[in-house]
Visitor: 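The structure's right below; bear with me while I get my questions together.
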Amino acid sequence: MSREEALRKRARELLESKQVVMVVGHRAASTKGKAQPAFIAKPEDAESLIFDETCGQNLAGHLLKVKHLGKIAVVTKGCDSRSILVLLKEKQLDRAQLHILGVGCEGVKEDGKLSDSCITCEYPNPIVCDEMLGEPAPGDRLQTLNPKPQTGELTSDERWRELSEDVSRCIRCYACRQVCPNCYCPVCFVDASQPALVGKTTELSDNMVFHIMRALHMAGRCVECGSCARACPMGIDLMKFNRKAAQIVKERFNVVAGVKEDDAPALTVFDPNDKQEFIR
Amino acid sequence: MTQRVITADGLAKLVTEWAKKGAVYAPVKAGSKDWTEFRRVTSLKETDFSRVNTKQSAKGLLFPQREVMLRFKDGKSEEPAAPEEQVILGIRPCDAAAIAFQAKFFTGQGQTDPYFKARLDRTTFIGFACNTPAETCFCTAVGGSPSGTRGLDLLLTDIGGKYLAEPVTDKGAALIADMPDPAIGDLERKLAEKCAEQMPQAIDTAALKRRLDSGFEHPVWDELNLACVNCGACTFLCPTCHCFDVTDEERKGRGARIRVWDSCQFCIYSQHASGHNPRQTARSRYRNRVMDKFKYTVDMVGELSCVGCGRCIIECPAGIDVRETVEVLTRQLPEAAEKK
Amino acid sequence: MPGNPYLPLDVRVEKVTVENDAKDLKTFDLSFVDASARTAFEFIPGQFGFLSIIGTGEAPFGIASAPSEEFIKYTVKRVGGFTTALHELEPGTVIGMRGPWGNSYPLDLMQGKDVVIVSGGFSFTTLRSTIVHLLDPKRRPQFGKITCVYGARSAGELLYKDEIKAWESSSDIDLHLCVDKLGSDPWPRTEGLVPNVLKQVAPSSKNAIALVCGPPIMIRFTHPVLEALGFRPDDVFLSLENRMKCGIGKCGHCNLGSKYVCKDGPVFSYSQLRGLPAEY
Amino acid sequence: MSTAEPHPQEAGSQEPEPKIVAFLCNWCSYAGADLAGISRIQYPASIRVIRVPCSGRVDPFHILKALQSGADGVLVSGCHPGDCHYLTGNYVARRRFAVLNDLLEFAGIDPGRVSFSWVSAAEGERFAEVVREVTEKVKALGPNRKLVKEPAS
């Protein structure tokens, strides 16, 4: 049975037996190659669930919108499960109220191309789940394609210019923030108005501060699902920042977000022996 | 007014001429990206009309995302200088109609917005009819046409290496007055009609409006908004969305009062200083946007604020399709006025 | 740009009065730097204006003075960045003002009728404008009985204390002051919430118009009382406030469905509001 | 983001010192600065001190905001590890600063624009030394042109 068939069958069973009040998954969007988050409450609607290479949205964040309804089943790829782990640790979700339907992920595609984050993905299967639907994805499938994010031997000015080109396209629609499963602050620092912190303009300075700050807030929490980069209407590779932040956290603190059930988010804790070569 | 035919060379000459007198904006390939955007050009060579629509609409050329309203220095303020004359070349009929809508909104309704008006008065709109629609196009469904002339001074239709030029205003006619005036075959005119045939059928927007009139509290909104992540991509890319925020920026006694685009999808948008927020929920914000497009602006200025350009469909990170939303609303909302 | 409605006119702060014990409410008396602008600044009670401090921003406030008064008066609560800056102003400072914007209380409709004024907290501002306007000896005979119920949390929070004390003993207006909790001060004498006091006062709804302005919670409980007293929805007028940026119906922020509070309001009849989303 | 007016650091200017915003912990570095003053130890008049209750109070955003608002450099100084008045404030802050430090470098903000130090209340001389060093580094980099925001443009 394909993952998709198994998913539909289980979703229907779970809803029929009232073990869950809703199944959060994906359904086909009207435009080719796109999927939409689906919130299935009736067993007969389980047929509209899909699972394929278009299902790139990380569903963990959507759980926050429906968690008040009761026990929710959620279709969970590797990255979704990592986000769920982060949300559990941050007390945003209750594990007992989740039924995690694990699915192996062969990578999601955007305009027919494998998403960058999927190329570098090391966790195609859920870290945590209540049951696996269909076969797990081959764990080593992506290793061969694994081009590490390029840092290159650029000078400060070259790096600034390169990132500036990207960031200057930003229109501050906050699609990156809104699709991010782990961005859930009731008032984001860019929205704070008493006093206003970040300028609301699309000038390079304001855009850069927004993106650097967002990466900082995601450091130790970002699971590198790539939702932000795929969501950006202006084609900015937001993962440049987030991947870098994740890399810093891994190198400095030996923490990878959302892969262990019992560790704390890297920036909420410390080790007295943390490297401090940058401090005078 | 007399239609004329312009050769590619003829158009190239015109562009060079216009660029000497003022700014010419036209779709240009966006670097390594797979889309076009309006940029200032000095020759036809730089342009790229191969896409149906540009990534962002032309609205920023009349209503920039960041606009200085006042500039101040040492406590004294002054208005910005008048904008320069500009030609927008290659704007699609949907985007031109959107600017016509915005013009109605910004210059009517009691007060006139002087910043928008100043740019509008100095802009010449040269449209490009669409010969082939994109998958996401639906202008015909909301009262537009791939060869619509609303908001334009001149409409060009690509008839294979040459352009059929149809003046809409005297300003447009003057632009091509020196061009030859050959007989126009019906065949060439039909190109655009053929494009229209490939587009979706008209939505009964009047019926939808009647349903929305009484559908504010309907439970359909509970389901519709779930997929929405409440970002502002749809509103910022929408050619008719016109909301803005005003902020002051100041450093060392110099600064400016600027306005920047704002989006009704943002939580902070409607939040009072007291903290009270009339549209606290994601559901109410999503509803406001849909209502605004298909009901509120109809009440306010007598027309929909959706021109069918399809940008919100293409860019929605949650894969929401406004055509589907409209279809669901039309199906589920009762037409008869119901008591709240 | 001729007639730019966003352009503030220079006004001088003539007087700053601290209105309450908490010292977070101040009244600013403003005069036009260009004296001829005062004549051009024609307004009706209920309208509002934008105050502007260059480099800090601008914000809308209801006009608290009556058209016949020399100075333009605003009473402002200190809440955010702008109002804090405003509160720090010394007399003599020149700031900006634009307006008047919005409709007004229905003075024409009120002709020959009783007027019932209900207000709570610091929303009394435009109603002060209205009362001063109505009590003008030339104008007073044009209206029937004027009843006013005005309440605040405590005596110290009541605005315009000297004036309302004078009105208490005036035969031109039947003023009922109340506070949520009586303090040691013998004034005012009534303890109770505005809607309850209104119920006791029970002004006649016959040939009468009610004007209501107050916090959302007061509005919600006042309306049933007015209804029970026999006021028709057409005869009850509420002054609303919503977040707004332009004041002239362009920025979009203050909409209630198809209406803008800035342009179509801020004063709406209850029957109008019943046809609009309750997004205020 | 070019500055229209001449920058104090530019040639011919009367004021050669760069502007450096210094966030100093109340319990150590701020007192260290005091001690430097009381002891008449000379150091460049480049810093503008903002006293904070703990280096843990310094949000990376404060640092970026200072650069946006025209500072040429930022110095954050707190208690030596183990000496935090609140026990662990500087440890947690250190992780944040580490990420900020590396991210700024990645973004192409020149290393040296933002500096961190531990200076205790007894280290007046060390405080002066840190300021001298930071000032030299910032001077060498020239005016901050990258993140600064010019509002009137």
Side-chain angles (χ1 to χ4, degrees), chain B residues 69-70 72-73 75-77 79-80 82 105-106 108-118 213 216-217 241-251 253-257 259 262-264 268-279 284 287-288 291-292 295-300 340, chain C residues 1-8 10 50 52-60 76-83 85 93-96 101 121-122 215-217 240-264 274-280:
Chain B
M69 303 174 86
L70 291 172
F72 40 82
K73 195 178 175 185
K76 291 206 169 53
S77 56
E79 290 176 87
F105 183 87
F106 276 127
Q109 302 267 302
Q111 298 277 356
T112 289
D113 185 285
Y115 306 99
F116 184 91
K117 180 80 164 42
D213 281 343
F216 187 80
E217 303 284 3
C241 271
H242 51 76
C243 290
F244 60 84
D245 192 1
V246 178
T247 61
D248 279 23
E249 293 186 340
E250 190 260 339
R251 191 155 72 82
R254 296 168 66 229
R257 178 158 296 166
R259 68 174 174 197
D262 204 349
S263 167
C264 62
I268 192 79
Y269 177 86
S270 51
Q271 185 169 301
H272 293 189
S274 65
H276 168 69
N277 192 345
R279 282 195 288 270
S284 62
R287 177 176 57 193
N288 186 69
M291 281 282 198
D292 187 73
K295 167 174 157 61
Y296 297 164
T297 61
V298 180
D299 291 337
M300 281 181 213
K340 270 189 232 165
Chain C
M1 289 175 225
N4 182 347
Y6 297 107
L7 205 62
D10 286 345
F50 271 71
S52 151
I53 301 176
I54 270 174
T56 304
E58 55 173 7
V76 177
K77 189 181 172 85
R78 190 183 68 228
V79 276
F82 178 77
T83 50
T93 319
V94 173
I95 60 170
W101 307 128
F122 67 96
I217 185 87
L240 303 181
E241 48 180 60
N242 256 5
R243 183 176 161 97
M244 55 179 77
K245 290 292 175 177
C246 71
I248 54 172
K250 307 296 177 202
C251 79
H253 285 75
C254 66
N255 80 309
L256 292 181
S258 312
K259 298 285 180 200
Y260 284 127
V261 171
C262 67
K263 180 171 72 70
D264 305 304
R274 285 207 300 197
L276 295 171
E279 291 180 337
Y280 52 87

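Side-chain atoms are counted along with the backbone in the values below, which use heavy atoms only and exclude waters and symmetry mates. Treat the numbers as computed from the prediction; the structure is a model and nothing was measured. Just so it is clear: chains get the letters A, B, ... in the order the sequence lines come, proteins before strands, and each one is counted from 1.
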Visitor: So which residue, C:P216, C:S52, C:P215, ends up with the most heavy-atom pairs under 4.5 Å with chain B?
Guide: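 Of C:P216, C:S52, C:P215, C:S52 has the most heavy-atom pairs under 4.5 Å with chain B.
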
Visitor: What is the minimum heavy-atom distance between C:F50 and C:G247, and which atoms define it?
Guide: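 What the structure gives for the nearest pair is CE1-CA, 3.5 Å.
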
Visitor: In terms of heavy-atom proximity below 4.5 Å to chain C, should B:S274 be classed as side chain, backbone, both, or neither?
Guide: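 Neither; nothing under 4.5 Å.
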
Visitor: Select one option (side chain, backbone, both, neither) describing which atoms of C:P8 are under 4.5 Å from chain B's heavy atoms.
Guide: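 Just the side chain, heavy atoms under 4.5 Å.
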
Visitor: Output yes when a side-chain donor or acceptor of C:K250 lies under 3.5 Å from a complementary backbone atom of B:F105, and no otherwise.
Guide: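 Looks like yes, one N/O pair under 3.5 Å.
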
Visitor: Residues two or more places apart in sequence or in another chain: which of them pass salt bridge (charged side-chain N to carboxylate O under 4.0 Å, His left out) with B:D245?
Guide: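 So B:D245 forms a salt bridge (charged side-chain N to carboxylate O under 4.0 Å, His left out) with A:K200, C:K245.
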
Visitor: What option among C:V79, C:D264, C:N242 has the most heavy-atom pairs under 4.5 Å with chain B?
Guide: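 Greatest number of close heavy-atom pairs with chain B: C:N242.
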
Visitor: Does the side chain of B:S77 pick up a donor-acceptor pair with the side chain of B:R257 at under 3.5 Å?
Guide: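 No donor-acceptor contact under 3.5 Å links the two side chains.
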
Visitor: Chain C: which of B:C264, B:P80, B:A273, B:S270 shares the most heavy-atom pairs with it under 4.5 Å?
Guide: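 The answer is B:S270.
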
Visitor: Check each atom of B:Y115 against the heavy atoms of chain C and say whether the ones under 4.5 Å are side chain, backbone, both or neither.
Guide: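 Both backbone and side chain.
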
Visitor: Which heavy atom of C:P5 sits nearest to which heavy atom of C:W101, and what is that distance?
Guide: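 The answer is O-CZ2, 3.4 Å.
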
Visitor: For B:H272 and B:N277, which I'm curious about, is there any donor-acceptor pair between the side chains at under 3.5 Å?
Guide: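 The criterion, which ignores hydrogens and geometry beyond distance, is not satisfied for B:N277 and B:H272.
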
Visitor: Which region of B:Q111, side chain (C-beta onward) or backbone (N, CA, C, O), has a non-hydrogen atom less than 4.5 Å from a non-hydrogen atom of chain C, or is it both or neither?
Guide: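 Both the backbone and the side chain of B:Q111 come within 4.5 Å of chain C.
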
Visitor: Quick one: which of B:P114, B:C241, B:C243 has the most heavy-atom pairs under 4.5 Å with chain C, could you say?
Guide: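 The candidate making the most pairs under 4.5 Å is B:P114.
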
Visitor: Donor-acceptor pairs under 3.5 angstrom involving side-chain atoms of residues 251-262 of chain C: please list them, not counting sequence neighbours.
Guide:
residue, atom, partner, partner atom, Å
C:H253, ND1, B:F244, O, 3.3
C:H253, ND1, C:C251, O, 3.4
C:H253, NE2, B:D262, OD2, 2.7
C:N255, OD1, B:R279, NH1, 3.2
C:N255, OD1, B:R279, NH2, 2.8
C:N255, ND2, B:N288, OD1, 3.1
C:N255, ND2, C:G257, O, 3.1
C:S258, OG, B:D299, OD2, 2.5

Visitor: So which residue, B:M69, B:K76, B:M291, ends up with the most heavy-atom pairs under 4.5 Å with chain C?
Guide: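 Going by pairs under 4.5 Å, I would pick B:M69.
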
